[in-house]
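Remarks on the structure that follows.
The residues of the chain are indexed from 1 along the displayed sequence.
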Amino acid sequence: MNINNISDLIIAVAAAAVPVVFAYITKFFKDNKQAMSILDAVAPLAKDAVVAAEKLGVDRYIEGEVKKSKAVEYVTNGLTALGFDKADLTVIENAVEKAYAEAKNTLESVYPQKTEEQQEKTDAAAQAKALADAQAKKLELAKSDLEAKQKALADAQKAVEELSKGA
């Protein structure tokens, strides 16, 4: 083989490889552009999702992990609604954690969370109220039953008196 043939071969291979390499580079940049779009969409969705999950803990006690999973679910649903079918769960979880860390102090002052102890007290109060309502209803039924029986007794006494007078 001669040096000219080898260099011609290298040039031919390089010329054939250039379109393939450029197609790969174009695809790489296009994929990264979509990745950047997902990252741009995840941050505001994560902030909103964290706020929404924190609002859930105002009225009833919810553990932190449950709130985090709810926020991740909200972000995933939001990305799906925006047309992003494939999103890395780890990226979403990290974005949610970052959003929570950034807004933690504000969230705690704006949305004070119910503690487990407060939830237990609320549940106990609700059970006591339900029991008291049930007992009040029973008492009301017993009272109306007693009134009906007293009326029947009074009617019976009247009938006995009338029979006694007539005899």
Side-chain angles (χ1 to χ4, degrees), residues 7 9-147:
S7 60
L9 179 64
I10 291 174
I11 291 172
V13 169
V18 167
V20 173
V21 170
F22 277 116
Y24 175 76
I25 290 172
T26 303
K27 183 181 181 304
F28 177 77
F29 283 131
K30 189 183 276 184
D31 288 346
N32 280 343
K33 185 177 180 182
Q34 185 176 9
M36 289 306 293
S37 296
I38 288 175
L39 292 177
D40 290 340
V42 165
L45 285 173
K47 287 179 185 176
D48 292 343
V50 166
V51 170
E54 282 297 304
K55 283 182 181 179
L56 293 175
V58 171
D59 295 330
R60 60 189 167 106
Y61 172 72
I62 300 176
E63 292 183 11
E65 195 60 36
V66 174
K67 287 190 272 188
K68 178 184 172 186
S69 67
K70 213 50 166 154
V72 168
E73 179 184 333
Y74 293 154
V75 173
T76 304
N77 292 343
L79 287 173
T80 302
L82 291 173
F84 296 108
D85 297 334
K86 296 179 182 178
D88 187 15
L89 189 61
T90 306
V91 171
I92 295 171
E93 288 174 346
N94 290 338
V96 165
E97 288 176 7
K98 180 182 178 197
Y100 177 75
E102 290 174 350
K104 182 179 180 183
N105 294 333
T106 305
L107 289 172
E108 288 175 354
S109 64
V110 175
Y111 304 110
Q113 300 296 294
K114 189 172 263 192
T115 64
E116 190 171 7
E117 183 179 304
Q118 290 171 330
Q119 184 66 43
E120 288 171 358
K121 286 180 182 177
T122 302
D123 291 346
Q127 287 175 345
K129 184 180 182 320
L131 182 61
D133 289 347
Q135 288 176 343
K137 188 173 183 177
K138 269 185 174 179
L139 183 61
E140 191 63 37
L141 288 174
K143 185 179 174 184
S144 65
D145 187 42
L146 177 62
E147 288 173 355

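Checked against salt bridge (Lys or Arg N to Asp or Glu O under 4.0 Å), Lys68 has the following partners two or more places apart in sequence or in another chain: Glu97. Residues satisfying the side-chain contact (heavy atoms from CB on, under 4.5 Å) criterion with Thr90, sequence neighbours excluded, are Asp88, Asn94. Residues forming a salt bridge (Lys or Arg N to Asp or Glu O under 4.0 Å) with Lys104 (at least two apart in sequence, or on another chain): none. Every residue two or more places apart in sequence or in another chain that forms a side-chain contact (heavy atoms from CB on, under 4.5 Å) with Ala46 is listed here: Val75, Ala95, Val96, Ala99.
Annotation: side chain to side chain donor-acceptor pair (under 3.5 Å) contacts involving residues 124-143, sequence neighbours excluded, comprise Lys129-Asp133.
The NZ atom of Lys98 lies 7.5 Å from the NZ atom of Lys47; values are rounded to the nearest 0.5 Å. Rounded to the nearest 0.5 Å, atoms CD1 (Ile92) and OG1 (Thr76) are 3.5 Å apart.
Counting all heavy atoms, side chain and backbone alike, Tyr74 lies closest to Ala53 at CE1-N, 4.2 Å.
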